[in-house]
Structure formats: C-alpha cells, structure tokens
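Here is the structure we will look at.
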Amino acid sequence: GTFSRLMQTLFKDYGWQLVVVAVCIVLSTIGSTSSSLFLNRFITIITDGMKQGWNAVSDSFMQTLLMMSIVTVVGILASIIHTQLMAIISQGFLNKMRKRMFTKMEKMPIRYFDTHSHGDIMSHYTNDIDTMRQLISQSLPSMFTSALTITVLVIYMLYLSVWMTAIVFVAVALMLIVVKTIGGRSSKYFL
C-alpha cells in the first residue's frame with residue numbers, strides 16, 4: 001500500500017517526466033544490449049568477406065557499422081537524458097515530500113512531540129527521505145533496466161536458437177538446484 005501511494009504521488013507530480021525516463025531507459029538498454037547483435041553480424045560479414053572478397057561485403061559492412069553507431073549514440077544520449085531527468089525528479093520529489101511532511105507535522109498535537117524524541121522526528125526528514133531518494137533515483141530504474149535487459153537478451157537468444165535457449169534454461173535450473181542443495185547441506189557446518 002505504501003509503495004502504491006508513493007508511486008501515485010510520484011506520477012501525479014512528475015508524470016510526463018517519468019514517461020520520458022522510461023522511454024530513455026528502453027532506448028539505452030537496447031543500445032547497450034545490441035552490441036552482441038552487431039558483433040554477430042560483423043562476424044558473418046567478415047566470414048563472407050574472406051570467402052567472396054572485400055568488395056562484395058563492403059557496403060554491408062558500412063551499413064552495419066553506421067547502424068551500430070546510430071544505435072550506440074542514441075543509447076548514450078538516452079542514458080544521459082535519463083540520468084539528468086532522474087536527478088531533477090528525485091530532488092524535486094524529495095523537496096515536495098519534506099514540505100508535505102512539515103505541513104502535516106505542524107498540525108500534529110503537542111502530545112506527539114512530547115512522546116517522540118527529537119531524533120526520531122528528525123530521522124523521518126533525513127533517513128526516511130534519503131531512503132525514498134535511493135528508491136526513486138537508483139533502485140526503481142535499476143530494476144526496470146535489469147528486467148528489460150533480461151527480456152531483450154532472452155528474445156535475442158530465442159531469435160538465434162530456440163534449442164540453445166532451452167539448454168541454457170535447463171542448465172540454469174540445474175545450477176540453482178545444485179547450489180541450493182550444496183548450500184543447504186553446508187549451512188549446518190557453518191553453524
């Protein structure tokens with residue numbers, strides 16, 4: 001419930017900026033994960049060039065190089081915009097939250113201040129607000145970027161080979177089972 005209220009307040013105050021940030025995160029993630037796509041394409045072009053000669057593949061090589069450059073530059077620009085916007089959003093949101101807290105705290109009865117120490121009250125303004133800043137400016141974008149990166153890479157893996165992707169998933173599942181088994185058995189020795 002608290003997280004939902006926080007996100008509603010955040011979107012109410014900074015709705016369009018958050019949409020721009022989300023688009024920039026998507027673009028920067030695609031820009032950073034597409035390097036493996038282009039590397040695969042370059043290897044194919046170079047292999048063909050060794051068989052057919054440079055003149056046969058030079059146009060394809062230059063087109064791929066140009067596309068890779070464009071995607072990389074767009075990804076870098078999107079990352080810069082995302083970082084700058086998140087700094088503006090997080091600092092502005094924290095300023096508004098502190099003002100809202102102070103306005104509500106002015107309406108509190110004197111009994112509240114008698115029963116709570118000054119350190120506890122000030123902790124809400126410093127530690128709690130700083131935790132929200134980390135959530136808004138670092139954790140949420142990082143979580144979104146990680147989920148998007150995994151999704152893009154899984155789609156790319158499926159594009160390359162469904163069978164190899166299945167083998168990777170089976171291997172990861174086996175590794176998790178082995179780690180859980182060994183970790184579970186070794187914990188009693190640590191105790």
Side-chain angles (χ1 to χ4, degrees), residues 1-46 59-104 123-162 164-166 168-169 171-172 176:
T2 304
F3 181 74
S4 175
R5 278 192 322 238
L6 175 69
M7 294 310 294
Q8 286 174 354
T9 306
L10 188 62
F11 270 97
K12 185 179 77 174
D13 292 340
Y14 297 98
W16 71 268
Q17 291 100 326
L18 290 172
V19 171
V20 172
V21 165
V23 169
C24 286
I25 288 174
V26 168
L27 291 175
S28 66
T29 301
I30 289 172
S32 65
T33 57
S34 65
S35 61
S36 58
L37 288 165
F38 288 112
L39 183 63
N40 185 24
R41 180 81 178 122
F42 278 126
I43 290 171
T44 304
I45 291 170
I46 291 170
D59 289 341
S60 178
F61 182 83
M62 293 309 286
Q63 288 173 352
T64 305
L65 184 63
L66 179 66
M67 183 144 43
M68 180 180 168
S69 300
I70 290 171
V71 169
T72 302
V73 168
V74 168
I76 290 170
L77 290 175
S79 181
I80 291 169
I81 292 169
H82 149 255
T83 305
Q84 295 297 315
L85 264 179
M86 281 312 295
I88 292 167
I89 290 169
S90 63
Q91 293 303 317
F93 184 72
L94 296 183
N95 184 33
K96 289 180 181 183
M97 285 302 293
R98 284 189 177 113
K99 287 179 181 176
R100 288 176 185 151
M101 283 177 61
F102 187 75
T103 301
K104 287 185 179 181
S123 172
H124 293 302
Y125 286 96
T126 55
N127 297 341
D128 296 348
I129 294 290
D130 188 55
T131 302
M132 282 196 327
R133 179 193 60 78
Q134 287 180 342
L135 172 74
I136 293 167
S137 67
Q138 295 171 0
S139 300
L140 290 177
S142 177
M143 185 175 68
F144 185 57
T145 301
S146 298
L148 194 60
T149 301
I150 290 170
T151 303
V152 168
L153 290 177
V154 166
I155 289 170
Y156 179 59
M157 287 170 57
L158 288 169
Y159 168 75
L160 288 177
S161 172
V162 174
M164 288 298 286
T165 305
V168 168
F169 283 140
V172 167
L176 289 174

Pair up each side-chain donor or acceptor in residues 60-69 with any protein partner under 3.5 Å, not counting sequence neighbours, and list the distances.
from, atom 1, to, atom 2, distance (Å)
Ser60, OG, Arg41, NH2, 2.9
Thr64, OG1, Ser60, O, 2.9
Ser69, OG, Leu65, O, 2.9

Open item on the list: According to side-chain hydrogen bond (donor to acceptor under 3.5 Å, both in side chains), does anything in residues 7-16 pair up with another residue at least two apart or in another chain? List the pairs.
Closed with: Asp13-Arg100
So, taking the atom named [atom1] in [X] and the one named [atom2] in [Y], what distance separates them when rounded to the nearest 0.5 Å?
X: Thr44; Y: Leu39; atom1: OG1; atom2: CG; result: 9.5 Å
X: Leu94; Y: Lys96; atom1: CG; atom2: NZ; result: 11.5 Å
X: Leu160; Y: Ile155; atom1: CG; atom2: CD1; result: 12.5 Å
X: Leu158; Y: Leu153; atom1: CG; atom2: CG; result: 11.0 Å
X: Leu6; Y: Met97; atom1: CG; atom2: CE; result: 6.5 Å
X: Asp128; Y: Met101; atom1: CG; atom2: CE; result: 6.5 Å

With sequence neighbours excluded, residues passing side chain to side chain contact (heavy atoms under 4.5 Å, CB included) with [X]:
X: Ser161; result: Trp163, Met164
X: Phe11; result: Met7, Leu18
X: Tyr159; result: Tyr156

Considering only distance and modelled atom types, tabulate donor-acceptor pairs under 3.5 Å from the side chains of residues 74-91, sequence neighbours left out.
from, atom 1, to, atom 2, distance (Å)
Thr83, OG1, Ser79, O, 2.8
Ser90, OG, Met86, O, 2.9
Ser90, OG, Ala87, O, 3.3

TODO: State which residues pass side-chain hydrogen bond (donor to acceptor under 3.5 Å, both in side chains) with Arg98; sequence neighbours excluded, sorted by chain then number.
DONE: none
- [ ] For residues 18-38, pull every pair meeting ring pair (Phe, Tyr, Trp, His ring centres under 6.0 Å), keeping only residues two or more places apart or in separate chains.
- [x] none
Show me the side-chain donor-acceptor pairs of residues 137-150 shorter than 3.5 Å, one per line, residues at least two apart or across chains.
from, atom 1, to, atom 2, distance (Å)
Ser137, OG, Arg133, O, 2.7
Thr145, OG1, Pro141, O, 2.8
Ser146, OG, Ser142, O, 2.9
Thr149, OG1, Thr145, O, 2.7

